There are 4 protein chains.
Amino acid sequence: MSTRPGRAAGRARHNEGVTTTSANSGRSTARAGGTGAGRRRTKGSPALASERREHLVRLAAELFAKKGFQATTVRNIAEEAGILSGSLYHHFDSKESIVDEILSGYFDELTASSRAVVERGGEPREVLSALVRICFDALEPHRAAVTVLQNDWNYLRDMPRFGYLGKAENEVEQLWLAEIERGRQAGIFRADINARLTYRMIRDTIGVTVRWFQPGGSFDAGDLADHYLKVLFDGICVH
Amino acid sequence: MSTRPGRAAGRARHNEGVTTTSANSGRSTARAGGTGAGRRRTKGSPALASERREHLVRLAAELFAKKGFQATTVRNIAEEAGILSGSLYHHFDSKESIVDEILSGYFDELTASSRAVVERGGEPREVLSALVRICFDALEPHRAAVTVLQNDWNYLRDMPRFGYLGKAENEVEQLWLAEIERGRQAGIFRADINARLTYRMIRDTIGVTVRWFQPGGSFDAGDLADHYLKVLFDGICVH
Amino acid sequence: MSTRPGRAAGRARHNEGVTTTSANSGRSTARAGGTGAGRRRTKGSPALASERREHLVRLAAELFAKKGFQATTVRNIAEEAGILSGSLYHHFDSKESIVDEILSGYFDELTASSRAVVERGGEPREVLSALVRICFDALEPHRAAVTVLQNDWNYLRDMPRFGYLGKAENEVEQLWLAEIERGRQAGIFRADINARLTYRMIRDTIGVTVRWFQPGGSFDAGDLADHYLKVLFDGICVH
Amino acid sequence: MSTRPGRAAGRARHNEGVTTTSANSGRSTARAGGTGAGRRRTKGSPALASERREHLVRLAAELFAKKGFQATTVRNIAEEAGILSGSLYHHFDSKESIVDEILSGYFDELTASSRAVVERGGEPREVLSALVRICFDALEPHRAAVTVLQNDWNYLRDMPRFGYLGKAENEVEQLWLAEIERGRQAGIFRADINARLTYRMIRDTIGVTVRWFQPGGSFDAGDLADHYLKVLFDGICVH
DNA sequence: AATGAATGAGTTTTCATTCAT
DNA sequence: AATGAATGAAAACTCATTCAT
């Protein structure tokens, strides 16, 4: 379902407005059609360096999800990886750039999938279902990102570097609003509901799920989506 | 609707399992093994807490809501009050005890109101409506508490001091579950919805509202409740 | 045995070299042959004010003995008395002046008693016994002073205010040394012991006793003295 | 005489019951749930601790001895080392863990030597002499530990972390008591002395010596021991 | 004689980050 | 690619003391 774009094609890094003093400011992944001479530090294959990096990001993601971004120290991450905290700076610019990588990965996928679903078109109820399912489906692969967004949004939103988060959110919102509106015009959705309110309600409800959702527990993300769509479309009352 | 108990009558502070070495842990100064007779600070007013203290709690609450508990420094709070950070410790034991005061105030009220509503009885749909409205109504007076719970729950839940939060949450959950079940038995609520899932969905959705809800904006808490109950009971689809 | 001089006649206060900014610098007890107009703050009888003050000193002494001077806060003392810390400053200049009162009381008595015993004269062995017993006997009434001297001597000795402690110690030491010497000349004490080393050994041993000595326990101060004198004079070996 | 075990072989650190969150609690960096293989910091040298670390401990020990544990600030230590106070935390968890290192080093050695001496057996008088000499001999290499124990015992004894101090003291006491008893049975030591009282007297007297004993002064630790044993065994009186 | 509020200088500790090796 | 040592700025908290009321 997800049209997951390759990393190179996706939105690159998002360090707008950030002064980068060190040499290692951006991602060190290969850039498509790179113009400058990409920093190559790794002697072996670039793929290996990238693997190490991705591994570190995954470790960090887990910690961010478990303890929150602020409460996770660079030392925590390094310990988890079995190295010293200073050594992390060989791979990343800063703690922020790690979380950036995590969040942008999530948003790249979310916006791309959402756009694709809407472009494909179909019954508003089906499209809306698909949008909802995209969010639920992200709960497992992007658990950390969603969690950080839930818990540390307050902290991150004020940082210029993460301005893109708001923009991406907006783009997704517009897609939803249009679809809800379309359903209303078509007489499928009730006229007396407020589209924005409804959107917020749905998105928030899904996001906040990470706080108690256990992958591998009694429900999987699909069950959650089924249940939620049922209530969303028809309410909890018997008709 | 809410039987809102006065602060003085409600459950006081919740520092179970916390050794308090300093003098300012509770509202009335705790004394080690003093020989003198207990001092009553305020003779005239029934309020136990000093006005100054309450004022400081309010200032702190605003900051916690705006920036999060972790991101708010005691200096921030002190500056807001126009004093030095050390002076705050004349009134409070710790930063934690400030947030404790805020959170316990919220939970005292929430559990009391919820219990009262359930005990009064009535149609399940009406009782559930009332429970939902209690949560929405808390959004304004307890904005800070709800916000902190949203953003810093991950951080707070591991602290023994805040174990009571989980317990209070549980109590409320039980009230809701019983009511949903009752509605199902009565054939009012659909048999194919999961009570727990539904509960989490509703509570979370309301709580997360605090992230964008502006008191004094285009919607007030009542509008939100109306809209939400509409969707919750009957869904967004036309029947 | 102790010729305990009245407070008024004893060495007054010892704030040499301390700039006193507040009004209440010295003791407020009546001064013998006072020249200036003594500060009179108490409306009732001066004796009552003095009683309160003495009571506070006793409370402080207990705390100093239990937790050490440095580790005891002014707040601790005030709490014990059932007042607020600031209120203590109505009675005392500073924390230091409280401990000063405790220590000087001890030394006034110690030096006076020791002088008296030596002046009375007699067999060196008897005089030395009496000197030892003075120290043991002080263990109960001056427990706090002895304890503070043991634990906080390092801290206090550098303060000009407490320079008199060293002087008083010296005076006592001279009395002992002379007596030991006299006993040696008389052929009663061995010639091959070092007087100073012996003095230090005895005094220290007695002082350090406060660390485990429990008034009301299996031994009283007299038992300790008996035992110690036995070992001191004749050793632990069978002859 | 002392079987002085090397540091690396002795009982390491004693932070029983203390939750260590940071990385630097022990000598070898504790790691949370690291995946990588354990790192050995020093391959060549058998010493586990870094030289830098040991150097810092020595500096701290001197300051603790001079000013007392409480009165020595981490800033003092850092300044002595020519670094900033925060930098100390690269090497140590806390101020407490520094003093822990100092104290446990002393006790490891003391208990090991004492055990060895007792196990070797011999005349009670000789064994007791050896036990006394162990204590005197520790005065120079473990001056700081002994001093801290003298001055800050009151403060440290209440901390769970330092519970092992009491246990180690107890073990040593038992060794002494058994030896004194053996000497009594053998008719070498007087029957009318109390073993515990005698033990306390001796140990305390030696410990308190640190308050005036100057390594490099007119007496060395051996002289002190000689003199003390003379008095202890035969008393100061001529027989 | 005491309260209640505050000061100010200090404390220990945390932590992202830098950098020579 | 990593270590080991350090920085520096800030954090929470402590506490003797002051002072208007």
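If you're wondering where the values come from, they're calculated on a predicted model, not measured in any experiment. By convention in this document, chain letters (A, B, ...) are assigned in the order of the sequence lines, proteins followed by strands, and residues within each chain are numbered from 1.
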note: H91(D), atom NE2; dT13(E), atom C1'; distance rounded to Å ~ 15 Å
S87(C) side chain to I83(C) backbone, donor-acceptor under 3.5 Å | no
Could you state the atom-to-atom distance from NE2 of H55(B) to C1' of dA6(E) in whole Å?
-> 14 Å
Examine dG10(E): is either OP1 or OP2 under 4.0 Å from a nitrogen or oxygen in the side chain of R75(D)? Give yes or no.
-> no
Integer-rounded Å distance: dG4(E) P and L88(C) CG | 15 Å
Have a look at I83(D) and say if it touches a base, only the backbone sugar-phosphate, or nothing, with a 4.0 Å heavy-atom cut-off.
-> sugar-phosphate
Sorted by first residue and then second, give each ring-ring contact (aromatic ring centres under 6.0 Å, His included) pair with at least one member in residues 66-86 of chain A; sequence neighbours left out.
-> F64(A)-F69(A)
Give S85(B) one of three labels, base, sugar-phosphate or nothing, depending on what nucleic acid heavy atoms sit under 4.0 Å from its own.
-> base
Distance, rounded to the nearest Å, where L84(D) contributes CG and dT18(E) contributes P | 17 Å
Who pairs with E80(B) by side-chain contact (heavy atoms from CB on, under 4.5 Å), at least two apart in sequence or on another chain?
-> L59(B), L63(B)
For atom CD1 of I98(D) and atom C1' of dT13(E), their distance in whole Å | 12 Å
Check whether any side-chain N or O of H90(C) sits under 4.0 Å from OP1 or OP2 of dT3(E), and answer yes or no.
-> no
Exam field: side chain K66(C) to backbone N154(D), donor-acceptor pair closer than 3.5 Å = no
On DNA chain E, more 5' by nearest nucleotide between N76(D) and A81(B) is A81(B)
Check salt bridge (charged side-chain N to carboxylate O under 4.0 Å, His left out) between E79(D) and all other residues, then give those that pass, not counting sequence neighbours.
-> none
Rounding to a whole Å, what distance do you find between F92(B):CZ and dC15(F):P?
-> 19 Å
Starting from P on dA12(F), measure out to OH on Y155(B) and report it in whole angstrom.
-> 9 Å
Quick one: closest heavy-atom pair of F162(B) and E96(B), and the distance?
-> CZ-O, 3.7 Å
Would you kindly compare L56(C) and K95(A) by the position of their nearest DNA chain E nucleotide and give the one closer to the 5′ end?
-> L56(C)
How close or far is atom C1' of dG4(F) from atom CD of E54(D), stated in whole angstroms?
-> 16 Å
How does DNA chain F look in dot-bracket notation if pairs are Watson-Crick or G-U with both distances under 3.5 Å, crossing ones as [ ], other-strand ones as |?
-> .||||||||||||||||||||
Sorted by chain and number, sequence neighbours left out, side-chain contact (heavy atoms from CB on, under 4.5 Å) with V57(C) holds for F92(C), E101(C), I102(C)
Strictly under 3.5 Å: I want the nitrogen or oxygen pairs between protein and nucleotides 19-21 of chain F, one per line.
none

5'-most by nearest nucleotide on DNA chain F - T73(B) or F69(C) | T73(B)
Is there a donor-acceptor pair closer than 3.5 Å between any side-chain N or O of D100(D) and the backbone N or O of S97(D)?
-> no
pair R52(B)-L56(B): side-chain heavy atoms closer than 4.5 Å = yes
Is there a donor-acceptor pair closer than 3.5 Å between any side-chain N or O of R53(D) and the backbone N or O of H91(D)?
-> yes
Out of dG4(E), dA11(F), dA6(E), which has the shortest distance to the side chain of R52(B)?
-> dA6(E)
